[in-house]
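The chain is numbered in sequence order, starting from 1. Side chains included, hydrogens not; waters and symmetry mates left out as well; all remaining heavy atoms used.
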Amino acid sequence: LLNTPGIDYGCVLDKRIIPLHPGDLMAVVARPGHGKSSWMAYMAKRTANRIVENKQENKCVVYVSWEQPIEELEAFFQSGVNYNSTDLAWGRVPLDLVKEHSIKRINLPIWMIGYSIGDADKQKPPMTIDLVYETIRAIRYEYGLEPELVLLDYLQIIPITGKRVERVEQVTEATINSKHLAKELGVGIIAGVQASRQADKHKEAPPTMDEAQWSSAIEQTADKQISLLKASKALELGSYIDVGGSEYQVDDGLLIIKLLKQRFDSGTGIWPVYFEPQTLIIRDYTKRSLG
């Protein structure tokens, strides 16, 4: 199994973090507004584009959201070189261009499971992990598609059917169920994790492993765990921040990624990347001599 290429990350992480293999659970920890959902959308779109490039017509990506309606997520996946998700949200994009990108979006194999704004007044069953599994099973058997990657956004609000339990117990069960789902489907899963307010005490560093809100089960169960810090949320634009012993100037795109855990290799490291959440583009920072 470990001889398979796995899912890579398209940035400096490819040299530091083992690719995501079938059965792996990766936790992405961040405070609200620091890029957790947009980084997961980036991974979804990147993986879907690779599926198209490799002409794997029986593969797909499944994005499950408990937080955002699917219409908001769709803005991520429809954005491109001609406009971004912010332009789309403001209504700045000509309708003909939106229609053109919508046709391209049809060919991008990302399936979304979640609630729709259009169904806001309708009663719906709790979207448990079991329901997600049954939906993915339907995608498999009715459409002949095998998930290459599943994304769960986010872990601490996954409901538990028929139980009234304490929040910690609920999150623990949701975490364990997510790992079981990865193994049952034979697919890599990336799960978003909300960091606690404790992380705000060290604003210039990404959250630590024990700051995953409500549960140590996330720390114990995940095969890989990273945390994110959007530098402009912590410091003023134009100021400098130390990342791994080097200084970087804070701009809107500076995202700091910290490796907290990975099985089979070193579980530490911290790196800066340039990330545009509006277009889901990531680039590495490079240093060059100015002579």
Side-chain angles (χ1 to χ4, degrees), residues 1-2 4-31 34-48 50-51 60-67 110 113 129 132 136 147-158 171-172 174-195 206-213 215-229 255-271 273 275 280 282:
L1 182 64
L2 293 178
T4 61
I7 294 170
D8 60 12
Y9 313 98
C11 60
V12 66
L13 302 186
D14 290 335
K15 301 175 183 177
R16 307 293 184 178
I17 302 181
I18 298 169
L20 197 65
H21 290 287
D24 280 353
L25 174 64
M26 170 183 261
V28 182
V29 185
R31 288 291 290 148
H34 281 259
K36 169 174 50 68
S37 296
S38 51
W39 190 84
M40 292 171 66
Y42 157 78
M43 287 296 297
K45 193 171 184 178
R46 172 179 170 76
T47 305
R50 293 289 290 272
I51 289 170
C60 70
V61 173
V62 178
Y63 197 113
V64 190
S65 178
W66 285 266
E67 184 179 29
I110 299 176
I113 301 174
I129 286 290
V132 169
I136 292 174
E148 183 79 358
L149 174 66
V150 174
L151 303 105
L152 308 177
D153 190 15
Y154 62 91
L155 204 57
Q156 288 109 321
I157 54 177
I158 298 176
V171 176
T172 298
T175 304
I176 293 170
N177 288 346
S178 299
K179 177 60 178 177
H180 287 166
L181 181 68
K183 292 192 290 187
E184 287 173 16
L185 294 174
V187 64
I189 288 182
I190 298 176
V193 177
Q194 193 93 291
T208 58
M209 190 179 290
D210 62 344
E211 289 168 347
Q213 199 171 33
S215 180
S216 62
I218 298 168
E219 176 185 338
Q220 296 164 4
T221 307
D223 301 284
K224 299 174 178 67
Q225 188 172 348
I226 64 172
S227 62
L228 309 178
L229 175 75
L255 181 70
I256 300 167
I257 303 177
K258 185 174 184 177
L259 174 62
L260 303 174
K261 172 189 176 182
Q262 71 172 330
R263 298 193 197 278
F264 307 117
D265 204 344
S266 169
T268 59
I270 186 167
W271 309 280
V273 295
F275 182 36
L280 301 182
I282 279 183

Atom pair [atom1]/[atom2] of [X] and [Y] - distance to nearest 0.5 Å:
X      : Y      : atom1 : atom2 : answer
Leu229 : Arg31  : CG    : CZ    : 11.5 Å
Gln156 : Ile218 : CD    : CD1   : 4.5 Å
Leu152 : Trp66  : CG    : CH2   : 4.5 Å
Ile17  : Lys224 : CD1   : NZ    : 8.5 Å
Tyr42  : Tyr9   : OH    : OH    : 11.0 Å
Ile110 : Thr47  : CD1   : OG1   : 8.5 Å

Taking all non-hydrogen atoms of both residues into account, name the closest pair between [X] and [Y] and its distance.
X      : Y      : answer
Val61  : Ala48  : CG2-N, 3.8 Å
Ser38  : Leu280 : O-CD2, 3.4 Å
Gly192 : Tyr154 : O-CB, 3.2 Å
Met209 : Lys261 : CE-CB, 3.4 Å
Pro207 : Val29  : CB-CG1, 4.1 Å
Ile7   : Met43  : CG2-CE, 3.9 Å

Requested in this report: Only counting residues at least two apart or in another chain, list the ones meeting side-chain hydrogen bond (donor to acceptor under 3.5 Å, both in side chains) with Lys36.
Outcome: none
Query raised in the report: Taking only residues two or more places apart in sequence or in another chain, which ones pass side-chain hydrogen bond (donor to acceptor under 3.5 Å, both in side chains) with Ser37?
Result: Asp153
Using side chain to side chain contact (heavy atoms under 4.5 Å, CB included) as the criterion, list what pairs up with [X], not counting sequence neighbours.
X      : value
Ala182 : Ile189
Val12  : Trp271, Val273, Asp284
Ala222 : Ala27

Query raised in the report: Within the side chain of Gln262, is there an N or O that forms a donor-acceptor pair under 3.5 Å with the backbone of Ile18?
Result: yes
Would you say the side chain of [Y] lies within less than 4.5 Å of the side chain of [X], judging by non-hydrogen atoms?
X      : Y      : value
Thr175 : Val193 : no
Thr268 : Leu259 : no
Phe275 : Ile257 : no

**Report entry** salt bridge (charged side-chain N to carboxylate O under 4.0 Å, His left out): pairs with one or both residues in residues 176-188, sequence neighbours excluded
**Finding:** Lys179-Asp223
Requested in this report: Please list all pairs passing the salt bridge (charged side-chain N to carboxylate O under 4.0 Å, His left out) test where one or both residues lie in residues 6-20, with sequence neighbours left out.
Outcome: Asp8-Arg46, Asp8-Arg50
Report task. Verify side chain to side chain contact (heavy atoms under 4.5 Å, CB included) between Ile129 and Ser178, making sure each step is shown before the conclusion. Result -> CA-CA 7 Å; Ile129 286 290; Ser178 299; 3.8 Å; yes
Query raised in the report: Going through the distances and angles, do Ile136 and Ile113 end up as a side chain to side chain contact (heavy atoms under 4.5 Å, CB included)?
Result: CA-CA 9 Å; Ile136 292 174; Ile113 301 174; 4.2 Å; yes
